[in-house]
Amino acid sequence: MRRSSTFARQVLLVRVGRRDGDLRGATDLSLPEHRYADRPRRRYGLNRFERGDVASIAPVSPALSPATPVDEPARAIPLLPGERTVARRMKFAVVNACTLSSLMLGMLAIFLAMQGEVRVAALCLIACVVFDGLDGALARKFGVASPFGAQMDSLADMCSFGLAAPVVVYASLAGSVSTAAAAVACALVAACAAIRLARFNVSPKDGRFFCGVPTTMAAAVLALTVAIGLPVPGTVQVAGVALLAFAMVSSFPYAKLARLVKLPPWVWLAPVIGALVDIRLTFALIVVGYLVSGPVLWLRQRRTA
């Protein structure tokens, strides 16, 4: 009897223990421990709503002005840095007049190309090239170079050389090639000109070489090709226009005009004689030679590096 009572007492204790464990487990499920109670709120950031920090997570449009008032008033940046005398202002106006002249001649070239006057439009583009080189030279000579002038020159170049030149080339190719091929090639010129100008504005300047063919030089090549009427098939012209567009955004080094001028005089004698014999063939050889000089200089720099 004593053994049976002891065994019954042990069974009763086991049952009571299991029941308490079940209750404790249910309590644990319904009431988690304190260190885990705040985990979902911290994971999803719900505690910030209790602190009234809703404005810190609300999206803010970049187009909207800041809510906090600015203490300092906005200051206007002068277009002409340095001394603002009447003489310097007149020089600054002359330089910007050259830039605007390039812009207006580019617009005139577009209008003439739309009317079928392709060669006259090409001559207007050549005049754009002249004014584009003139405004930079005058700005350096007069000492009125400014960030405003640089940005204005870039915008004028995009209009004259990035838009007007492709339009003139497209009008010259009308009837000789398919419309789609001419449109794609001219669109490449516009896109690559925009990339080339943007890259030039943010890249460090090199006094010896251009990184890619300059937009001005590419437009001059296209304008002269239309003006002299280069006798090549339309398919070859489209391929040449596309190649020139890719050369603008390439990383090949091309010599600047200042370095070409310093060449020995006998080097310039051959193009002059060639122009007297056949100006079209001479022009084509000069353009091809300049385009090939970029990859050649690039390979030479890699070998010497």
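Neither Ile195 nor Leu188 shares a network with the other; the hydrophobic side chains, linked directly or stepwise wherever heavy atoms of I, L, V, M, F, W or Y lie under 4.5 Å apart, form separate groups for each. Neither Leu244 nor Leu297 shares a network with the other; the hydrophobic side chains, linked directly or stepwise wherever heavy atoms of I, L, V, M, F, W or Y lie under 4.5 Å apart, form separate groups for each. Linking ILVMFWY residues whenever their side-chain heavy atoms come closer than 4.5 Å, directly or via other members, leaves Val249 and Phe210 in distinct clusters. No single ILVMFWY cluster, assembled from side-chain heavy atoms under 4.5 Å apart, contains both Met107 and Met152. Both Leu100 and Val94 belong to a common hydrophobic cluster when Ile, Leu, Val, Met, Phe, Trp and Tyr are linked at side-chain heavy-atom distances under 4.5 angstrom.
Rounded to the nearest 0.5 Å, atoms OG (Ser101) and CG (Asn96) are 10.5 Å apart. Considering CE of Met104 and OG of Ser160, their distance stands at 10.0 Å, rounded to 0.5 Å. Of the inter-residue distances, the one linking Asp157 atom CG with Leu197 atom CG reads 5.5 Å to the nearest 0.5 angstrom. Within the model, atoms CZ of Arg280 and OG1 of Thr225 stand 11.5 Å from one another, a figure rounded to the nearest 0.5 Å. For the atom pair CD1 (Ile110) and CG (Leu105), the distance works out to 11.5 Å, reported to the nearest 0.5 Å. From Leu112, atom CG reaches atom CZ of Arg119 across 14.5 Å, with rounding to the nearest 0.5 Å.
Within the 3.5 Å criterion, the main-chain N or O of Gly143 finds a donor-acceptor partner in the side chain of Arg88. In this structure, Thr304 contributes its side chain and Gln301 its backbone to a donor-acceptor pair below 3.5 Å. Although no hydrogens or angles enter the test, the distance criterion places no donor-acceptor pair under 3.5 Å between the side chain of Thr282 and the main chain of Ile279.
Taking 4.5 Å as the limit, every side-chain heavy atom of Leu125 sits out of range of all side-chain heavy atoms of Leu222. Val238 is listed as a side-chain neighbour of Leu173, based on a closest heavy-atom distance under 4.5 Å. The closest side-chain heavy-atom distance from Leu163 to Val167 is not below 4.5 Å. For the pair Val296/Phe252, no side-chain contact is recorded, criterion being any heavy-atom separation below 4.5 Å from C-beta on. Annotation: side chain of Lys91 is not in contact with side chain of Leu138 (no heavy-atom distance under 4.5 Å). Counting only heavy atoms from C-beta outward, the side chains of Leu291 and Val213 approach each other to under 4.5 Å. Counting heavy atoms from C-beta on, the side chains of Leu103 and Phe131 never come closer than 4.5 Å.
Here the shortest heavy-atom pairing between Ala122 and Val168 reads N-CG1, 4.2 Å. Between Pro214 and Tyr290, the closest heavy-atom pair is CD-OH, 4.5 Å. Contact detail for Phe283 and Val221: the closest heavy-atom pair is CZ-O, 3.7 Å. When all heavy atoms of Met248 and Cys192 are compared, the closest pair comes out as CE-CB, 3.9 Å. Scanning both residues, Ala165 and Phe161, for their nearest heavy atoms gives CB-O, 3.5 Å. Residue Ala109 comes nearest to Cys124 through the heavy atom pair CB-CB, 4.0 Å, listed as atom of the first residue, atom of the second, then distance.
A side-chain donor from one of Asn201 and Ser154 sits under 3.5 Å from a side-chain acceptor of the other.
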Steps toward side-chain hydrogen bond (donor to acceptor under 3.5 Å, both in side chains) verdict (Asp132, Ser102): CA-CA 6 Å; Asp132 181 69; Ser102 176; 5.1 Å; no
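Ring geometry for Phe92 against Phe148 counts as tilted: the plane angle lies between 30° and 60°, on a 0 to 90° scale.
The number of heavy-atom neighbours closer than 6.0 Å to CD1 of Ile228, taken from other residues, nucleotides and ligands shown, is above 12.
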